[in-house]
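Right, one structure below, let's go through it.
Keep in mind that this is a model prediction, so the values were computed, not measured.
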Amino acid sequence: LVKLADESGINTAGSAIGHDISAVLNEENTDKITLNEFYEAALDDYTRGEVRYPLNNMEPGTHKVRVKAWDVHNNSGEGYTEFVVAESAELALSHVLNYPNPFTTHTAFWFEHNRPGEPLLVTVQIFTVSGKVVKTIQQQVTTEGYRVDNIHWDGLDEFGDEIGKGVYVYKVTVTAPDGEQAEEYEKLVLLR
C-alpha cells in the first residue's frame with residue numbers, strides 16, 4: 001500500500017522514460033515493478049491517491065521496498081520501508097534485549113514483533129537466578145513499525161528499593177487483543 005499526494009497531481013502516464021510510479025524490492029534486486037496501473041486517485045481529488053499492489057510468494061524474513069513517484073511537473077519523490085513476511089500469523093517476538101546491558105541505574109527493554117498497529121500488552125518480569133520475582137513492569141504499546149524500545153526500568157524492586165548487583169533473568173510477555181501471547185527469556189547484568 002503506497003499513499004501518494006502532491007499539490008500539482010501525480011504523474012501516472014509515465015510519459016517520460018523512467019517517470020513511472022515504480023518499486024524496487026530488496027535493493028539488491030534491480031528489477032523495477034511498474035505500479036502505474038495500480039494507482040487509484042482519491043474521489044474528486046487529483047492531488048492524492050494510493051497504490052495497492054499484491055506481493056505474492058515472498059520468502060519469510062525481513063524485506064525492503066523503495067517506491068518512486070513523479071508529479072506532473074516531473075519532480076520525483078521516494079519512500080522506503082521494511083516489512084516482515086512471517087511463516088504464520090501467530091504472534092511472534094524476536095531480537096529481545098535490554099540496553100545498556102550491563103547497566104548501573106537505568107536500562108530499556110527492546111524487541112521486535114509481527115503485529116504493528118495493534119495495541120499490545122507488554123509484561124516484563126525480572127527474576128533472581130533462583131526464580132524470585134524482583135520487579136514486574138506492564139505497559140500498553142501500539143507501534144507503527146515492528147520495534148518496541150520504550151519500556152524502561154530504573155533497577156529498583158517492587159518497593160522502590162535498590163537490588164543487589166548481579167545477574168538476573170527477565171521474561172518479556174506480549175499479549176495481543178485476541179488473547180494470543182508470545183514470550184522470550186533473556187539475561188541482564190546489574191552493576192552498582
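Within a 6.0 Å radius of CD in Glu90, other residues, nucleotides and ligands contribute 12 heavy atoms or fewer. Counting heavy atoms of neighbouring residues, nucleotides and ligands inside a 6.0 Å radius, atom CD of Glu144 does not exceed 12 of them. Residue-environment remark: CD (Glu78) exceeds the threshold of 12 foreign heavy atoms within 6.0 Å. More than 12 non-hydrogen atoms from other residues, nucleotides or ligands lie less than 6.0 angstrom from NE2 of His152. In Tyr99, the OH atom is not crowded: 12 or fewer heavy atoms of neighbouring residues, nucleotides or ligands sit closer than 6.0 Å.
Atom CG of residue Leu4 and atom CD1 of residue Ile10 lie 5.0 Å apart, to the nearest 0.5 angstrom. Between Tyr146 atom OH and Thr62 atom OG1 the span is 9.0 Å, to the nearest 0.5 Å.
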Donor-acceptor pairs are to be reported for all side-chain atoms of residues 44-54 against protein atoms at under 3.5 Å, with residues two or more places apart or in another chain.
{"residue": "Asp45", "atom": "OD1", "partner": "Thr47", "partner atom": "N", "Å": "3.0"}
{"residue": "Asp45", "atom": "OD1", "partner": "Thr47", "partner atom": "OG1", "Å": "2.5"}
{"residue": "Asp45", "atom": "OD2", "partner": "Thr47", "partner atom": "OG1", "Å": "3.4"}
{"residue": "Asp45", "atom": "OD2", "partner": "Arg48", "partner atom": "NE", "Å": "2.9"}
{"residue": "Glu50", "atom": "OE2", "partner": "Arg52", "partner atom": "NE", "Å": "3.0"}
{"residue": "Glu50", "atom": "OE2", "partner": "Arg52", "partner atom": "NH2", "Å": "3.2"}

Determine all donor-acceptor pairs shorter than 3.5 Å in which one atom belongs to a side chain in residues 182-192; sequence neighbours excluded.
{"residue": "Arg192", "atom": "NE", "partner": "Ile163", "partner atom": "O", "Å": "3.3"}
{"residue": "Arg192", "atom": "NH1", "partner": "Thr104", "partner atom": "O", "Å": "3.1"}
{"residue": "Arg192", "atom": "NH2", "partner": "Gly155", "partner atom": "O", "Å": "2.8"}

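Val133 places a side-chain heavy atom less than 4.5 Å from the side chain of Gln125. The closest side-chain heavy-atom distance from Thr136 to Val124 is not below 4.5 Å. Contact of the Glu180 side chain with the Arg115 side chain is registered, since non-hydrogen atoms from C-beta on lie closer than 4.5 Å.
When each of His63, Arg66, Lys64 is paired with Asn26, the side chain to side chain donor-acceptor pair (under 3.5 Å) condition holds for His63 and for no other.
Within the 6.0 Å centre-distance limit, the rings of Phe109 and Tyr170 are counted as a close aromatic pair.
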